[in-house]
Structure formats: C-alpha cells, structure tokens
Amino acid sequence: MFGCLVAGRLVQTAAQQVAEDKFVFDLPDYESINHVVVFMLGTIPFPEGMGGSVYFSYPDSNGMPVWQLLGFVTNGKPSAIFKISGLKSGEGSQHPFGAMNIVRTPSVAQIGISVELLDSLAQQTPVGSAAVSSVDSFTQFTQKMLDNFYNFASSFAVSQAQMTPSPSEMFIPANVVLKWYGKFCVSNIKAFSNHIYFLPVNVFLL
C-alpha cells in the first residue's frame, strides 16, 4: 500500500505491518539521511474518509524511540517529501505506536504510517522543520534570475520625454519585458502581479 524512498537507496515497498492500521519502514544509517519520500503505491487506496499520518522515529541516547509527526498522505495527496536532517535531536510528540511490538536496533530509524480518520489528521500539527518548500530550487533560481535581469535593465530606463533620438539604437518598451515575464511565469501569476503593481509601464529601456 505504501512506499518509502531515500535518495541513493533502493525504493522500499515492503512495509512491516505492526497493526491492522499501522505500518513501519526501517531506515538504516539514518544519520546520513536528509530527506525521505513517503508515497502510496496506487494498488490500495485509503478507505473513504481516511488518510495516513507519517511519523519519524529515531533512538535517543538511551536507545529509546523518539517519534515525531512529519505530515500526512491521503488519496488526494498520495505522496510527500519530508526533511528529517534537523529532527535527529528534537523532542518527541504524541504518537500511536507506543503499544506496538516493533523490532529496533540502535543505528536504525523508522518511518511509521498510521491510518486514521481525516478529521483526526486535521487536528494534528506536524513538526515545522519537516516541511519542504513547494517551490523547487530551479524555480527559485529562475525567478531570482528574472528579477535581477529586470532590475538591471530598468536601471538604464528613461521616459519618452527624456529619450534622445539615436537611429543606430534599438529601444524595447518595458511592458514588453513584463509581458514576457508573465508568460514565462504563468504558473506564478500572483507573484507576477505584485511585480506589475510596483513597476511603471510607461518606461522605455535603452
């Protein structure tokens, strides 16, 4: 029903079922893991009105498991990526795995999935540092590059009244650049509209 993926390792699809509604994946050498992906295999959906809470467990200095809530997977959101590199020294939280007979070894952490009512999931709060930005690094780089380009180009801007005729030069209206920016960032309309609000369109670029 579930899968677990760590970069550079084989995909795990054989979770240990420790109860009718609870599943566990082992994460050997967990100290070297930064992110983990939990996903549904697509073979068995959650029952109507149900979803899965995802937990990370690691052994503390006494070998006792520390459980932390990472987030959720549902039929509507069948996969999620979590950052666990900053959780290996945090405090534990309430969890549903306390009575489970789970085999543990000192160097192995675990991902636990508990099938619960969606209403119950909505009342739970994952640890904030496990969240991963929904904007990937390439998108962030692209947006920063476009912002830098516009800021650089607009630093040479003059109004029509300030322009000196020069037959050998080409002039590009700033609103043309803005239109291109909008088409390029069509998936980020809100951010684009904020730029338009602050940038005058009656400026011409040299």
Side-chain angles (χ1 to χ4, degrees), residues 1-139 187:
M1 184 174 180
F2 302 108
C4 181
L5 174 64
V6 174
R9 303 187 184 185
L10 294 175
V11 177
Q12 296 188 57
T13 57
Q16 177 187 356
Q17 187 169 1
V18 295
E20 183 180 358
D21 57 355
K22 293 176 177 59
F23 305 81
V24 170
F25 289 101
D26 286 339
L27 298 179
D29 192 23
Y30 69 94
E31 292 285 0
S32 64
I33 300 175
N34 292 320
H35 297 81
V36 60
V37 179
V38 176
F39 57 94
M40 299 176 64
L41 297 177
T43 54
I44 304 175
F46 284 110
E48 187 69 24
M50 305 292 284
S53 56
V54 182
Y55 290 82
F56 171 63
S57 170
Y58 68 94
D60 63 13
S61 57
N62 297 317
M64 299 300 295
V66 178
W67 290 89
Q68 295 174 315
L69 177 62
L70 300 179
F72 316 100
V73 288
T74 65
N75 290 334
K77 183 189 176 187
S79 64
I81 179 171
F82 304 106
K83 181 179 179 181
I84 65 172
S85 56
L87 304 180
K88 298 158 190 174
S89 60
E91 297 182 357
S93 58
Q94 292 185 341
H95 62 88
F97 294 92
M100 304 295 102
N101 184 21
I102 303 175
V103 179
R104 308 177 191 278
T105 55
S107 62
V108 177
Q110 291 168 321
I111 291 293
I113 304 171
S114 175
V115 180
E116 303 174 23
L117 290 170
L118 292 177
D119 290 342
S120 176
L121 299 185
Q123 299 175 20
Q124 301 177 28
T125 304
V127 290
S129 55
V132 176
S133 173
S134 59
V135 180
D136 61 71
S137 57
F138 178 76
T139 301
S187 62

Closest approach of A109 and F56, non-hydrogen atoms and distance? CB-CE1, 3.6 Å
Which atom names give the shortest non-hydrogen contact between C4 and V36, and what distance separates them? SG-CG2, 3.5 Å
Can you check whether E20's main-chain N or O pairs, donor with acceptor, with Q17's side chain at less than 3.5 Å? yes
Taking the side chain as everything from C-beta on, heavy atoms only, tell me whether I84 gets closer than 4.5 Å to Q68. no
Between V18 and Q110, does a side chain to side chain contact (heavy atoms under 4.5 Å, CB included) hold up when you go through it step by step? CA-CA 12 Å; V18 295; Q110 291 168 321; over 6 Å; no
Tightest non-hydrogen contact, residues P45 and M40, listed as CA-CE, 3.9 Å
On a heavy-atom basis, which atom in H35 and which in I33 lie closest, and how many Å separate them? O-CG2, 3.4 Å
Quick one: pull up CD1 in I111 and CD in Q16 and give me the separation to the nearest 0.5 Å. 14.0 Å
Looking only at heavy atoms, the pair that brings M50 and V115 closest together is CE-CG1, 3.9 Å
Short side-chain donor-acceptor distance under 3.5 Å, Q124 and E116: yes
By side-chain contact (heavy atoms from CB on, under 4.5 Å), P126 pairs with (sequence neighbours left out) L69, F72
Which atoms form the tightest heavy-atom contact between F25 and A15, and what is the distance? CZ-CB, 3.4 Å
With sequence neighbours excluded, residues passing side-chain contact (heavy atoms from CB on, under 4.5 Å) with S79: F39
Just to verify, what does F23 make a ring pair (Phe, Tyr, Trp, His ring centres under 6.0 Å) with, not counting sequence neighbours? F2
Applying side-chain hydrogen bond (donor to acceptor under 3.5 Å, both in side chains), name anything that partners N75, two or more places apart in sequence or on another chain. none
Name the orientation class of the two ring planes belonging to Y58 and Y30 (parallel below 30°, tilted from 30 to 60°, perpendicular beyond 60°). tilted
